[in-house]
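Written below as structure tokens is the structure these notes are about.
Atoms considered below: every heavy atom in the structure, side chains included; atoms not considered: hydrogens, waters and symmetry mates.
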Amino acid sequence: MDPSAPNNTPASILIIGAGVFGLSTALALTKRAEFAATSITVLDRSPDRGVFPARDASSIDSSRIIRSDYADPAYAALASEAQAHWRQTDPDSLGGEGRYTESGFLLAANAEPLTREDGSQTGMAYAKKSWVNALALTQKEGRPLSSIRGLGAAKYIGVMSGTGAQFADWGYLNQGSGWADAEASMKWFYERVAATDRVTFVNGTAESLETDESLRRVTGARLKDGTTLSADLVIVAAGAWTPTLVDLTSQAVATGQVLGYLNLTEEEQEKLEKIPVLMNISTGLFVIPPRNRVLKVARHAYGYLNPKPLPKPPLGIPRPNVDSSPKFVSQPYTHLDDATLSIPPEGEKALRDGLRKMVPWPELQDRPFSRTRLCWYTDTATGDWIIDYHPYWQGLFVATGGSGHAFKFLPVIGDKIVDTIMGKCPVGFHEMWKWKPGDDVEKSIVTLDGSRGGLPGLVLEDELKKTHN
């Protein structure tokens, strides 16, 4: 489908990736009359036949934060639109059967200036802008302004945290936010897509994109087993695996994030299940209320890089007499690659420190994590997504760059992606989501939106070699 000719509907569409962007796009396509005659195929690297997405996808987890608490008003408004779906809690709706819990969300920050020396905003700036946007959306949605409670000092945070934790210096509680059972929500969504009988699901790993160089057109994908899938339009929505297929040098990079899970007693479950989601945006550390006697603590950070060579270089823009393809690409490394994989000592220490500050109960301080996990983001420098046609290759559309905050948009992002495919990018997002070519291939991609903790530039292989102190 040529973006300059939005009525030129493709006869076939191949979506690579059955995560949030891929599944949501597939469902949205089935609802559009313009694509009633289009065949739709979703390819996912899941090794388990009939399981979509793969079990190590970032969206397959016990919980994800559902919030409209954003420093950017455009994302805040879009998240509010998504929350209207999450709040539908009848059994046949996405938020039903316990998939969504409106626990409240306590967003807080450490005392710090609003900007760093490089001009980027700090966690405190993010929190205060988010507070302003939350108040505006609450009023627009007709909810009482009292559901947004400003917490001007650590002692007030301690009172509202539900754990007694004075874990930051300033914040607010939004009683209209909460969390979702991510794995259950993805299962529900996949079943809705499958029930349309319009989408063919294929298990397999795309190794490279097929092209017709004479036409500057992508024609499909070649799988690791040597087979090919062809389509008029290929949508690459492969999450952190996207940079292995499409050259996103200077635009997006895969980063590994740490998650830890702590087993609780029944009594501890009862105490903690009613707390709000707790997050210190200055450190990126957060705790989500437990379910089934498991408490999750995680860090929204700069993450770990895992640069490795590829068997085939990602598809880029050809340059005469110049090999511009990246020699190394940061690639996800998960428990499906190594069943014994645990997080680096640096990450485990950070999670432990976060747990002690946000749930300062003696009985939990040194309790071992029952398991840990690396979750892989596709980070961009601004935290904005990449939802656009490729500037060189026709027939190629990219939907990626979730930057660790896309899950909550599951019920609406597919419609926005299809709008953009049809040349109608939502108002306010064109500049944010457009393809952003860069010439500085050596420049590291670091997300500087004020929401990240940890240290930038850590390499997973190096950190895994370090021992626990």
Okay, side chain of Ser185, backbone of Asp181: is any donor-acceptor separation there less than 3.5 Å?
-> yes

With sequence neighbours left out, the residues meeting side-chain hydrogen bond (donor to acceptor under 3.5 Å, both in side chains) with Asp449 are Ser451

Shortest non-hydrogen contact between Ser12 and Asp232, atoms and distance | OG-N, 3.0 Å

Return the minimal non-hydrogen interatomic distance between Leu209 and Leu245, and the atom names on each side.
-> CD1-O, 4.0 Å

Check ion pair [X]-[Y] (N to O, under 4.0 angstrom):
| X | Y | answer |
| --- | --- | --- |
| Arg222 | Glu210 | yes |
| Lys436 | Asp388 | no |
| Lys434 | Asp384 | no |
| Asp462 | Lys466 | no |

Could you tell me how the ring of [X] sits relative to the ring of [Y]: parallel (under 30°), tilted (30 to 60°) or perpendicular (over 60°)?
| X | Y | result |
| --- | --- | --- |
| Tyr75 | Tyr70 | parallel |
| Phe397 | Tyr389 | perpendicular |
| His405 | Phe409 | perpendicular |

In terms of heavy-atom contacts, does CD of Glu213 have more than 12 from other residues, nucleotides or ligands at under 6.0 Å?
-> no

Candidates Glu346, Gln257, Glu463 - the one meeting side-chain hydrogen bond (donor to acceptor under 3.5 Å, both in side chains) with Tyr304 = Glu346

Would you say the ring centroid of Tyr100 lies under 6.0 angstrom from that of Trp188?
-> no

